[in-house]
Amino acid sequence: MPELPEVETVRRSLQKRIIGMQIKKVKVFNQYTVKYPKVDEFEKGLVGEEFSEIGRKGKYLLLKFLSGNILVVHLRMTGQFLFVDANQEEYKHTQVVFELPAGKELRFVDIRGFGTMHYFKPEEFATFPGLNKLGPDPFDREFDLDWWIKSLKIRKTKIKSLLLDQTFISGLGNIYVDESLYAAKINPNCPANLLTEKQATDLYWAIKDVLQEGIKHRGTTISDYLDAEGRKGEFQNYLKAYGQKGLPCSRCGTEISRIKLGGRSTYFCPRCQGK
DNA sequence: ACGGGACCCTGTGGGC
DNA sequence: TGCCCACAGGGTCCCG
Ligand SMILES: [Zn+2]
């Protein structure tokens, strides 16, 4: 489900609601959600931690505590954080609950159960491969145009596959890749090294632009996605390629095509984006 | 380096 | 009504 704009929207909603709150109790209902440390250490260790800041890198949420410890969360396909009253009825597929002061709770609900949590001390966090292997986030300083052009030139893989590779660039997923390639008028099958400098540059700005728009509309809700306050996104109303098979291209009127690429559904305009 | 497939899991929608 | 298939915003691992 969530890509960078959705994760960023969740980050902001958490930042708004839980900063300064101290965890009273932790209940783990799905042991597979908690990857580190062992479930009992996780449940005990988090009690008393006070949320100090919510960060994000790529699609990872970084829930930081006053102690310096950190909870790293990946929502994968269907993970949701929901900040609710403790007396709110229970939801199906609740995997972890953090009890908070004033009768509030932070619930981690995940239909498919792919979401992950790692609770780290500062020195452990630094060596977590999932995070330190990530490529630059498009809103980081390291996401630099010269670096981008140079890096595309030495990769022969299809541009869409490269954009989905989180060790190359972090945060893009299937929706925003298709939207970025559409905006830059680039065929998803094109080998990265065959893009012209102009195309690479257009793509660079398209990625930033599309993600910024996604954030502005608080992400895309196709079926499940909600932020921590239970709000849906609106960007599904602005998609120009993803999910638009058979509908007319907003630029040229040609029907949007759907193909499979790297096992993922891929939507593009066969005219504007080459064949 | 690169491409492809299986896999983790639950739910939904279409065809018969 | 049921059964079977494809598909879903992600990531990892294994093989050729
Ligand atoms: Zn077009």
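Below, read A as the first sequence line, B as the second, and so on, with proteins coming before strands; counting in each chain starts at 1.
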Check this for me: does the side-chain of R155(A) come within 3.5 Å of the base of dA1(B) through a donor and an acceptor? no
Would you say dG10(C) has OP1 or OP2 under 4.0 Å from some side-chain N or O of K59(A)? yes
dC9(B) base stacked by F114(A)? Criteria: ring centres under 5.5 Å, plane angle under 30°. no
Test side chain to side chain donor-acceptor pair (under 3.5 Å), reference K160(A), set N189(A), N174(A), N187(A), output is N174(A)
Measuring to OP1 and OP2 of dG9(C), would you say a side-chain N or O of T78(A) lies under 4.0 angstrom away? no
Does a side-chain N or O from R258(A) land closer than 4.0 Å to OP1 or OP2 of dA8(C), or not? yes
ring-ring contact (aromatic ring centres under 6.0 Å, His included), that's the test. Do F65(A) and F51(A) meet it? Break it down for me. CA-CA 5 Å; F65(A) 301 108; F51(A) 293 104; 5.1 Å; yes
Centre of Y91(A)'s six-membered ring, under 6.0 Å away, within 45 degrees of the axis: is that where NZ or CZ of R107(A) sits? yes
Would a distance-only check, ignoring hydrogens and angles, find a side-chain to backbone donor-acceptor pair under 3.5 Å from Y267(A) to I259(A)? no
For a quick check of understanding: with a heavy-atom distance under 4.0 Å over all strands, which category does G173(A) fall into, base, sugar-phosphate or nothing? sugar-phosphate
Please convert DNA chain C into dot-bracket. A pair counts if it is Watson-Crick or G-U wobble with both distances under 3.5 Å; crossing pairs go in [ ] and bases paired with another strand get |. .|||||||.|||||||
If the cut-off is 4.0 Å, is R264(A) near the phosphate of dG9(C), judged by side-chain N/O to OP1 or OP2? yes
dG9(C) pyrimidine/purine six-ring stacking with Y225(A), under 5.5 Å and 30°: no
Side-chain donor-acceptor contacts of residues 72-79 of chain A below 3.5 Å, not counting sequence neighbours, with atom names and distances?
from: H74(A); atom 1: ND1; to: R76(A); atom 2: N; distance (Å): 2.9
from: T78(A); atom 1: OG1; to: D110(A); atom 2: OD1; distance (Å): 2.6
from: T78(A); atom 1: OG1; to: I111(A); atom 2: N; distance (Å): 3.4
from: T78(A); atom 1: OG1; to: R112(A); atom 2: N; distance (Å): 2.9

dG11(C) OP1/OP2 closer than 4.0 Å to side-chain N/O of Q166(A): yes
Decide whether a cation-pi geometry holds between R56(A) and F139(A); the criteria are a distance under 6.0 Å from NZ or CZ to the six-membered ring centre and an angle within 45° of the ring axis. no
Below 4.0 Å: OP1/OP2 of dG3(B) and any side-chain N or O of K156(A): no
